[in-house]
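In what follows, a structure is listed as structure tokens, so that the remarks can point back to it.
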There are 2 protein chains.
Amino acid sequence: MDIGVKKPGVTSSQVAEHAGVSQSAVSRTFTPGASISSKTRTKVLASAKQLGYRPNAIARSLITNRSRIIAVVMAYLENLFYPDVLEELGRALAAENYHLLLFTGFMDRDSDPVFDQLMQYRVDGIILASTSLSSELSEECATAGIPVVLFNRTTERDAVSSVTTRNKEGGRRIADFFVAGGHKTFGYIAGLENSSTNRDRQQGYVEGLAALGFDTVVIETGNYSRPDAEAAARKMFSRADRPEALFVANDHMAVAVMDVARHEFGIRIPEDLSIVGYDDVGPAKWTSYGITSMSQPVKRMVEATVEILMDQIASGEIEAEHRILNGDLFVRTSARLPAAGIVMRDGQQIYRPKEA
Amino acid sequence: MDIGVKKPGVTSSQVAEHAGVSQSAVSRTFTPGASISSKTRTKVLASAKQLGYRPNAIARSLITNRSRIIAVVMAYLENLFYPDVLEELGRALAAENYHLLLFTGFMDRDSDPVFDQLMQYRVDGIILASTSLSSELSEECATAGIPVVLFNRTTERDAVSSVTTRNKEGGRRIADFFVAGGHKTFGYIAGLENSSTNRDRQQGYVEGLAALGFDTVVIETGNYSRPDAEAAARKMFSRADRPEALFVANDHMAVAVMDVARHEFGIRIPEDLSIVGYDDVGPAKWTSYGITSMSQPVKRMVEATVEILMDQIASGEIEAEHRILNGDLFVRTSARLPAAGIVMRDGQQIYRPKEA
DNA sequence: CTGAAAGCGCTTACAG
DNA sequence: CTGAAAGCGCTTACAG
């Protein structure tokens, strides 16, 4: 035959018949808090076990209007920051007895194409990471009562909930750190130009430098992509005014930039060039790189994300909520050190200037 | 109120009323290949658009007994190989109009705990990567008519479908490569001891060396984990009989091993020590590492996985199928080169001894 | 091609 | 605490 037949599973009616009770009794046995005598319950459980019964979540969803599924949209996973987030999300959602429907591997940074798919499953919530949703669709979600959280990104109108870290303060902290370390010339390898993280990090950095009397920052753009970052690094290091301090908008690019610097240009780090990255992701900690980097607290960001979702699902109130968390500048070997301001925390060096 | 109300979506009945047709007509409009006049279809589509109707996939699943959801179980994502796989899976499943329910972030390497959850959603198929399922549960899937594919792993009894590469041949190739490069002493940093990949890679390597007259291989175990690999490297490099050629069971560990070698022991690579890894994953290609590594063709592995699943879903025949693909030894800078056998392919160096 | 009707496997008032 | 019954939003024979 052409269309395969998945053997139908055991149903609550079959269990009811086997146990000699009503189908409602079976349902109640598997509904936490439902009114059922322990005698009936025991009988049902025994029959269920014997028949290999498992409640059909699909049927339950249809009637409760709750799928217990959260859609996670993550366009790409090359930057290890995102797999880290995904793993934490898996854990956090499982703890709430929710499930994770993943949309990944499409090239657009726009989620609209996957939106139809995701809505058809009547997901209870949507998490958008490394991607964005048009405002019409965001509005449609609000109308449908489906909470949406932007992860590590905000939109201009603030109409959608978001979880981010203080990117602007992060950029400023890096400016302080460079200047405290005695650097005089400054560069920036930018991420995606229309992303809020890039905009904020760059702004904080440039403003911070300006406040300290440095008005010139040479900029190339790496678009948060490895090949683009390599190209940007080649341009940056070929310039006559090559800076001695370089902030790279995330660690994913910083790794590529360091490789180009050392192996293509013979630049010594940190003797000839100081590099600071962002995210504090895995490879930043590897000895070969040892990147001084602003951290983003993935675990707490995920907790905040899931919290917003759970609150809004429970209350039915979809009001945009913005959680902004703090990061720290973890000091390693990729940048020259300032004379003061470095403190130890949990065995790691972080930069905490007094005024902070 | 305590329990939030997700506004019910637009239903096919509402669209039918609006369009002045039967609910069946609406359903047929959204069922590819259903018998419907283009006139009715147009009317329905117009009303659907106006009302913002989207078919409810949950209701459809209930009646078709097909969820169009594939469960992917991936215990952890630190090793970039797995995010790569996930991204390809996202693409490949979307192309078949299937969706990906991800289970990740649990510490066990055993999938049994998530199995109940996954069965409740009546998934149409299951992909297990970096994790395994007890044979009882595998059998239960077969009974229920749900295809399961082990990704990058096999079980002893071969009862479950799998997609792997020729790990044993890979180990043997690495042995050939080392010996051709003039190495005389050999080591191995093992992965998880009960995993099929580790067993096969190790066996091929040890047998290959033996066939060439080298009977001694010093072994430490890194369990495919970064900290364990670092510890294993420290033990390995502290040995009096430290080998000059070291096969590390995957690149994820090889990166850690190289960092320990260079920065803790001052070992020069490849002058003092040759290292070869496995997977040919991102960091292997980064200049700082440049790991010579056996590749696993992720894209083709994913295609094979999805193909098996789609075939078995369509036919309803759950017969274990084993796809075994070839990898190549990509030659970079982490190991001393043999005088012959290195050829170019697509601008990359690979090792292809004549007899192969 | 079309519509009325049955039914997928559950949850949940309702009445007892 | 329990059961009979309605109904969630669809698909799909069936009859016309």
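None of the values given here were measured: they were computed from a predicted structure. Sequence lines set the chain letters: A, B, ... in the order given, protein chains first and strands last, and positions in each chain run from 1. Quick note: numbers below take in every heavy atom, side chains included, and nothing from hydrogens, waters or symmetry partners.
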Original post:
Is any side-chain N of the basic residue among B:E303 and B:R300 closer than 4.0 Å to the acidic one's carboxylate O?
Top reply: no
Original post:
Taking atom types as modelled and ignoring hydrogens, do the side chains of A:S12 and A:Q23 form a donor-acceptor contact shorter than 3.5 angstrom?
Top reply: yes
Original post:
B:D311: what forms a salt bridge (charged side-chain N to carboxylate O under 4.0 Å, His left out) with it, not counting sequence neighbours?
Top reply: none
Pair up each side-chain donor or acceptor in residues 95-103 of chain A with any protein partner under 3.5 Å, not counting sequence neighbours, and list the distances.
{"unit_1": "A:H99", "atom_1": "ND1", "unit_2": "A:R68", "atom_2": "O", "d": "3.4"}
{"unit_1": "A:H99", "atom_1": "ND1", "unit_2": "B:Y121", "atom_2": "OH", "d": "3.3"}
{"unit_1": "A:H99", "atom_1": "NE2", "unit_2": "B:Q117", "atom_2": "OE1", "d": "2.6"}

Original post:
Does the side chain of B:Y224 come under 3.5 Å of the side chain of B:T197 through a donor N or O and an acceptor N or O?
Top reply: yes
**OP:** Could you tell me whether the side chain of A:S37 reaches within less than 4.5 Å of the side chain of A:T40, counting heavy atoms only?
**Re:** yes
Original post:
A:T64 or B:S35: which one's nearest nucleotide on DNA chain C is closer to the 5' end?
Top reply: B:S35
Original post:
What does A:Y53 touch in the nucleic acid at a heavy-atom separation under 4.0 angstrom: a base, only the sugar-phosphate, or nothing?
Top reply: sugar-phosphate
Original post:
Pairs counted as Watson-Crick or G-U wobble with both distances under 3.5 Å: what dot-bracket string results for DNA chain D, using | for bases tied to another strand?
Top reply: |||.||||||||.|||
**OP:** Determine whether the side chains of A:S24 and A:S27 contain a donor N or O and an acceptor N or O closer than 3.5 Å.
**Re:** no
Original post:
Should the ring pair B:F81 and B:F151 be called parallel, tilted or perpendicular, given that the plane angle runs from 0 to 90° and is split at 30 and 60?
Top reply: tilted
Original post:
So, for B:Q312 and B:S161, which heavy atoms are closest and what is the spacing to 0.1 Å?
Top reply: NE2-OG, 3.6 Å
**OP:** Start with the C-alpha distance between B:F106 and B:Y76, add both sets of side-chain angles, then the distance that settles ring pair (Phe, Tyr, Trp, His ring centres under 6.0 Å), and finish with yes or no.
**Re:** CA-CA 7 Å; B:F106 51 95; B:Y76 65 107; 9.8 Å; no
Original post:
Just by modelled atom types, is the B:N152 backbone N or O under 3.5 Å from a matching donor or acceptor in the B:T164 side chain?
Top reply: no
Subject >> Of residues 19-28 of chain B, the positions that come close to DNA chain D - non-hydrogen atoms, cut-off under 4.0 Å >> reply: B:Q23, B:S24, B:S27, B:R28
**OP:** Quickly, which of A:K43, A:K49, A:R41 forms a side-chain contact (heavy atoms from CB on, under 4.5 Å) with A:L45? Name it, please.
**Re:** A:R41
Original post:
Along DNA chain D, 5' to 3', what are the outermost nucleotides having an atom less than 4.0 Å from a heavy atom of chain A?
Top reply: D:dC1 to D:dG9
Subject >> Nucleic acid contacts - residues 37-51 of chain A versus DNA chain C, non-hydrogen atoms under 4.0 Å >> reply: none
Original post:
Which atoms form the tightest heavy-atom contact between A:A92 and A:V302, and what is the distance?
Top reply: CB-CG1, 3.8 Å
